[in-house]
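Worksheet: one structure, shown below.
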Amino acid sequence: MKIKKAIFPVGGMGTRFLPATKSMPKEMLPVVDKPLIQYAVEEAANAGIEQFIFVTSRGKSAIENHFDHSFELENNLLSKGKRDTLKTAQEMLKIPGSFAYVRQQEPAGLGHAVWCARHLIGNEPVAILLADDLINGSNTTKEMINNYTSGNMLAIMDVNKKDVSSYGIITPGNCLQNGVTEVNGLVEKPSIEKAPSNMAVVGRYIIEPEIFDVLEKQNKGAGNEIQLTDAIASRIGKSNCFGYKFSEERFDCGSKIGFIQANIKLSIERKEMGSKLKSWLHNELLEYNK
Ligand code: UTP
């Protein structure tokens, strides 16, 4: 099934990164030299997405500017003959009209943010990407779309039992082919005692359009927010729900440690600085462990 639209919820307040996120969107925090949101957009484009729908909020205009021309910058680079840098600034732009923005007027939760995009989605399944889950490799959304047949699909990974209360956790059913598992239940941020497994949902979803109707009437859940996972859980038994166990490495860039780890890993992978950074890290650790 072809999926052409993706929602990028970027309406959250990013409080775990204060004061950095006081006047700058969390999704604009850079990993090496690219903002988190650009990694997510590139992953979606790599999956064949043609319409990119952002759910923004007050103070997030830097995201809109990032995906637009900056004529002053481009003219400056051109006049200085910096063609490679100019290419970097231009090739990330998509064709005019492929980006749309709606406002979430209050940070009432991920489910609420997704619901705010309802008028831009027709009667068709849509992908959702959370930019603060950085997946290194850009293929996970594409693989999910390739394996999607119907209903709802969630990216899943195993987490330590002690961390289950930070995630949506699934009750796994039968394992099907290509990393796809039936989902028989789903609970948001359970206690260790109540968690049905250690298989956690991370920020990649494909949802059926019926989810918007569920979200319309949904009460607040964990954290006093309208949760997307609660809406998906309520559809289990009425439509298919699948987990997709992705193989690429994921960094939780909504947390400081995950964000730092992503920066280190992706910097090491850069040929212009990887070996320099590795030897610096090596020496630092030797010093530290003395
Ligand atoms: P998070 O809960 O990780 O983001 O939501 P947050 O609330 O901004 O972060 P903290 O906990 O205060 O540090 C995951 C994604 O969902 C979006 C966020 O922008 C983030 O990309 N989100 C969250 C919304 O769009 N709206 C919301 O009301 C909540």
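All values below come from the heavy atoms of this structure, side chains included, with hydrogens, waters and symmetry mates left out. Values in this document were obtained by computation on a predicted structure and should not be read as measured data.
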Hphob cluster co-occupancy, L110 + I170, side-chain heavy atoms under 4.5 angstrom: yes

* To do: State plainly whether one hydrophobic cluster holds both L130 and I232, where clusters connect Ile, Leu, Val, Met, Phe, Trp and Tyr through side-chain heavy atoms under 4.5 angstrom apart.
  => yes

Could you tell me whether N65 atom CG has more than 12 heavy atoms of other residues or ligands within 6.0 Å of it?
yes

From the list K2, K4, K94, salt bridge (charged side-chain N to carboxylate O under 4.0 Å, His left out) with E50 holds only for K4

**Message:** Within the 3.5 Å criterion, strictly below it, is a donor on S239 or E208 matched to an acceptor on the partner's side chain?
**Reply:** yes

Taken to the nearest 0.5 Å, the spacing of L134 CG from E249 CD works out to 9.5 Å

Discussion item. Using side-chain heavy atoms (C-beta onward) and a distance below 4.5 Å, is V55 in contact with V10?
Written reply: no

For this session: Before giving the answer on side-chain contact (heavy atoms from CB on, under 4.5 Å), spell out for R204 and I128 the whole-Å C-alpha distance, their side-chain angles and the decisive distance to 0.1 Å.
Result: CA-CA 6 Å; R204 302 290 182 276; I128 301 172; over 6 Å; no

Closest non-hydrogen contact found for V114 with P9 is CG2-CG, 4.3 Å

- Query: Should we count NZ of K276 as having more than 12 external heavy atoms under 6.0 Å?
  - Reply: no

* **Crowding at CD, E272 (>12 non-hydrogen neighbours, <6.0 Å)** => yes

Between K238 (side chain only) and S234 (backbone N and O only), is there a donor and an acceptor less than 3.5 Å apart?
yes

Stepwise side-chain contact (heavy atoms from CB on, under 4.5 Å) test for S166 and V159:
CA-CA 10 Å; S166 302; V159 295; over 6 Å; no

Query - Side-chain touch P172/S197, heavy atoms, less than 4.5 angstrom - result: yes

dist F242:CZ -> N178:CG (nearest 0.5 Å) comes out at 12.0 Å

message: Atom CZ of residue position R270 - does it have more than 12 heavy atoms of other residues, nucleotides or ligands inside 6.0 Å?
response: yes

Hey, does the side chain of D252 reach the backbone of G254 with a donor-acceptor pair shorter than 3.5 angstrom? yes

Side chain to side chain donor-acceptor pair (under 3.5 Å) with N46: of N139, T141, T140, only one passes, and it is N139

Verify same cluster id: Y244, L186 (apolar side-chain graph, 4.5 Å):
no

Q) For C116, does its backbone N or O pair with a side-chain atom of R103 as donor and acceptor, under 3.5 Å? A) no

*Please find out if less than 6.0 Å separates the ring center of F17 from that of F259.*
yes

dist N219:CG -> D230:CG (nearest 0.5 Å) comes out at 9.5 Å

Looking only at heavy atoms, the pair that brings V183 and G243 closest together is CG2-N, 3.3 Å

_Atom CE of M13 with >12 non-hydrogen neighbours under 6.0 angstrom_ = no

### Task
Run the numbers on M157 and K245 for side-chain contact (heavy atoms from CB on, under 4.5 Å), then give the verdict.
CA-CA 6 Å; M157 64 180 273; K245 203 162 188 177; 5.9 Å; no

Shortest non-hydrogen pair, A40 vs L129, comes out as O-CD2, 3.6 Å

Scanning both residues in full, the closest heavy-atom pair of Y167 with V201 reads CD2-O, 3.6 Å

| request: Could you walk me through whether K80 and N76 pass the side-chain hydrogen bond (donor to acceptor under 3.5 Å, both in side chains) test, one step at a time? | output: CA-CA 6 Å; K80 290 185 173 149; N76 185 285; 3.3 Å; yes

Nearest heavy-atom contact between P196 and V187 is CD-CG1, 3.6 Å

Indicate if L176 and I206 have the same hydrophobic cluster label, given that clusters are the connected sets of ILVMFWY residues with side-chain heavy-atom separations under 4.5 angstrom. yes

**Q.** Cluster link V102 to I63, ILVMFWY, side chain under 4.5 Å
**A.** no

**Item:** Side-chain donor/acceptor of Q227 to backbone N/O of A222, under 3.5 Å
**Value:** yes

Is T21 reaching over with its side chain to a backbone N or O of G14, donor-acceptor style, under 3.5 angstrom?
yes

(message) Is the shortest side-chain heavy-atom distance between I49 and K5 below 4.5 Å?
(response) no

Inset, instruction - Kindly assign one of parallel, tilted or perpendicular to the pair Y101 and F99, based on the angle between their ring planes and the thresholds 30° and 60°. - result: tilted

Report task. Find out whether the Lys NZ or Arg CZ of K34 is both under 6.0 angstrom from the six-membered ring centre of Y39 and within 45° of the ring's axis. Result -> yes

- Query: Checking N289 side chain against L285 main chain: does a donor-acceptor pair fall under 3.5 Å?
  - Reply: yes

Check: Any salt bridge between K26 and D132, counting N to O under 4.0 Å?
Finding: yes

Quiz prompt | side-chain contact (heavy atoms from CB on, under 4.5 Å) evaluation trace for T88 with M92 | solution = CA-CA 7 Å; T88 306; M92 53 168 282; over 6 Å; no

- Message: Would you say CD of Q105 has more than 12 non-hydrogen atoms from neighbouring residues, nucleotides or ligands within 6.0 angstrom?
- Response: no

Worksheet entry | Pairwise side-chain contact, P35 with E27, heavy-atom cut-off 4.5 Å (strictly under) | no

Under-4.0 Å salt bridge between K220 and E225:
no

query: Run the side-chain hydrogen bond (donor to acceptor under 3.5 Å, both in side chains) check on E42 and S138 step by step: do they pass?
result: CA-CA 7 Å; E42 286 174 1; S138 284; 5.3 Å; no

On a heavy-atom basis, the closest approach of T181 and G173 is CG2-O, 3.9 Å

**Prompt:** Taking atom CG of N123 as the centre, does the number of heavy atoms from other residues, nucleotides or ligands within less than 6.0 Å exceed 12?
**Reply:** no

Could you tell me if N198 and N160 have a donor-acceptor pair between their side chains, going purely by distance under 3.5 Å?
no

inquiry  = If you define the side chain from C-beta out and look only at heavy atoms, does anything of F251 sit under 4.5 Å from N136?
reply    = yes

Could you walk me through whether Q104 and S57 pass the side-chain hydrogen bond (donor to acceptor under 3.5 Å, both in side chains) test, one step at a time?
CA-CA 5 Å; Q104 184 187 21; S57 60; 5.9 Å; no

query = Is there a side-chain contact between H112 and L215, using heavy atoms and a 4.5 Å cut-off?
reply = no

**Q.** Check: Q51/S98 side-chain N/O donor and acceptor closer than 3.5 Å
**A.** no

inquiry  = If we ignore hydrogens and angles and just use 3.5 Å, is the side chain of E284 paired with the main-chain N or O of W280 as donor and acceptor?
reply    = no

**Q.** Audit row: N240, S150, side-chain hydrogen bond (donor to acceptor under 3.5 Å, both in side chains) steps and yes/no
**A.** CA-CA 6 Å; N240 289 325; S150 63; 2.8 Å; yes

Requested in this report: Look at D213 together with R118 and state whether they make a salt bridge at an N to O cut-off of under 4.0 Å.
Outcome: no

Rounded to the nearest 0.5 angstrom, the CG-OG1 distance for N184 and T171 is 7.0 Å

Answer yes or no: is there a donor N or O on one side and an acceptor on the other, between the side chain of Q218 and the main chain of I226, under 3.5 Å? no

Sub-4.5 Å side-chain heavy-atom contact between I121 and P209: no

Q. Can we call the ring centroids of F54 and F67 under 6.0 Å apart?
A. yes

